[in-house]
Trainee: 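My questions will all concern the structure given below.
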Amino acid sequence: MPPNLTGYYRFVSQENMDNYLRALDINVVLRKLVCLLKPDKEIIHTGNHMVIRTITSLRDYVMDFDLGVQFEEDLGPVDGRKCQTTVSWEGDQLVCEQLGEKRNRGWRHWLEGDQLHLRMTAEDEVCVQVFQRVK
C-alpha cells in the first residue's frame, strides 16, 4: 500500500535547478529568480485524489488530480506549455509523466522518514529538492 503524503513540508535544499530550467527553455532572468525561491509543499491525499500546492513568495502552483487519470496540465505559470499528465504510484513513489514538447519531462515524490524528496526531469537534466515535514 502506498504511503499517504498528506502534510505540509518546508524547503530544505535543491540541486541542479538552473540546468533543469534551462532544459525547459526558461530565460536567464526567470531562472535566476526561481533558483532563489525556497518553495514549501502542501499535499492533501485522499484515496485516489490528490492536491499538491507548491507555495512561493511570488506565486503558488496547484495540481489537483485523480491518480491514474490523464489530464491536461496548464504549465503556463512555469514555462508556458501544456502537457498531457498522468500521476500514479510506482511502489512507494508518486510518479508524474508529462507528455508534451519536452522529452523525459516529469517528476517523482517519495518519503524518507519525515523528508519529502522530489526528483524533476526534463530532457537529460535532473533536479532534486528535499522538504522537511512540519505538519
Trainee: Using only atom types and a distance under 3.5 Å, with no angle test, would you say the side chain of Asn27 pairs donor to acceptor with the backbone of Leu30?
Mentor: yes
Trainee: Just how far is it from atom CG of Leu37 to atom CG of Leu58, taken to the nearest 0.5 Å?
Mentor: 5.0 Å
Trainee: In Å, rounded to the nearest 0.5 Å, how long is the span from CG of Asp64 to CD1 of Ile52?
Mentor: 10.0 Å
Trainee: For Met120, run the side chain to side chain contact (heavy atoms under 4.5 Å, CB included) check against Met17, Gln14, Glu125 and tell me which one passes.
Mentor: Met17
Trainee: Can you tell if the side chain of Trp107 reaches within under 4.5 Å of the side chain of Thr121, non-hydrogen atoms only?
Mentor: no
Trainee: Arg108 vs Glu90, test: salt bridge (Lys or Arg N to Asp or Glu O under 4.0 Å). Steps then yes/no.
Mentor: CA-CA 9 Å; Arg108 53 182 63 226; Glu90 284 183 14; 3.3 Å; yes
Trainee: Side chains of Gln132 and Arg10: donor-acceptor distance under 3.5 Å anywhere?
Mentor: no
Trainee: Just checking, is any N or O donor in the side chain of Tyr8 or Asp40 under 3.5 Å from an acceptor N or O on the other one?
Mentor: yes
Trainee: Is the shortest side-chain heavy-atom distance between Asp114 and Val134 below 4.5 Å?
Mentor: no
Trainee: To the nearest 0.5 Å, what is the distance between CZ (Arg81) and NZ (Lys102)?
Mentor: 5.0 Å
Trainee: Using side-chain heavy atoms (C-beta onward) and a distance below 4.5 Å, is Met50 in contact with Phe65?
Mentor: yes
Trainee: Please verify the inter-ring angle class for His117 with Trp110; under 30° counts as parallel, over 60° as perpendicular, anything in between as tilted.
Mentor: parallel
Trainee: State, to 0.1 Å, how close Ala23 and Ala122 come at their nearest heavy-atom pair, and which atoms those are.
Mentor: CB-O, 3.6 Å
Trainee: Can you check whether Arg59's main-chain N or O pairs, donor with acceptor, with Thr56's side chain at less than 3.5 Å?
Mentor: yes
Trainee: Less than 4.5 Å apart, any side-chain heavy atom of Pro39 and any of Thr54?
Mentor: yes
Trainee: Would the number of heavy atoms belonging to other residues, nucleotides or ligands and lying under 6.0 Å from CD of Gln84 be above 12?
Mentor: yes
Trainee: Are any non-hydrogen side-chain atoms of Cys96 and Val87 less than 4.5 angstrom apart?
Mentor: yes
Trainee: Do Val130 and Leu116 have side-chain heavy atoms sitting under 4.5 Å apart?
Mentor: no
Trainee: Can you check whether Leu118 reaches Lys41 side chain to side chain, under 4.5 Å on heavy atoms?
Mentor: yes
Trainee: In this structure, would Tyr20 and Phe11 fall into the same cluster of hydrophobic residues linked by side-chain contacts under 4.5 Å?
Mentor: yes
Trainee: Compare all side-chain heavy atoms of Val51 with those of Val62 and state whether any distance is below 4.5 angstrom.
Mentor: yes
Trainee: Hey, does the side chain of Asp18 reach the backbone of Cys35 with a donor-acceptor pair shorter than 3.5 angstrom?
Mentor: no
Trainee: Using a 3.5 Å distance criterion without hydrogens, assess whether the side chain of Glu123 forms a donor-acceptor pair with backbone atoms of Arg103.
Mentor: yes
Trainee: Evaluate whether atom CD of Gln70 has more than 12 neighbouring non-hydrogen atoms of other residues, nucleotides or ligands under 6.0 angstrom away.
Mentor: yes
Trainee: Would a hydrophobic clustering, with Ile, Leu, Val, Met, Phe, Trp and Tyr connected at side-chain separations under 4.5 Å, put Phe131 with Val128?
Mentor: no
Trainee: Rounded at 0.5 Å granularity, tell me how far OG1 in Thr86 sits from CD in Glu73.
Mentor: 10.0 Å
Trainee: Could you state whether Leu67 and Val95 fall into the same hydrophobic cluster, counting links through intermediate Ile, Leu, Val, Met, Phe, Trp or Tyr residues with side-chain heavy atoms under 4.5 angstrom apart?
Mentor: no
Trainee: Roughly how far, to the nearest 0.5 Å, is OG1 of Thr85 from CG of Asp74?
Mentor: 10.0 Å
Trainee: What distance do Gln129 atom CD and Arg119 atom CZ have between them, rounded to the nearest 0.5 Å?
Mentor: 13.0 Å
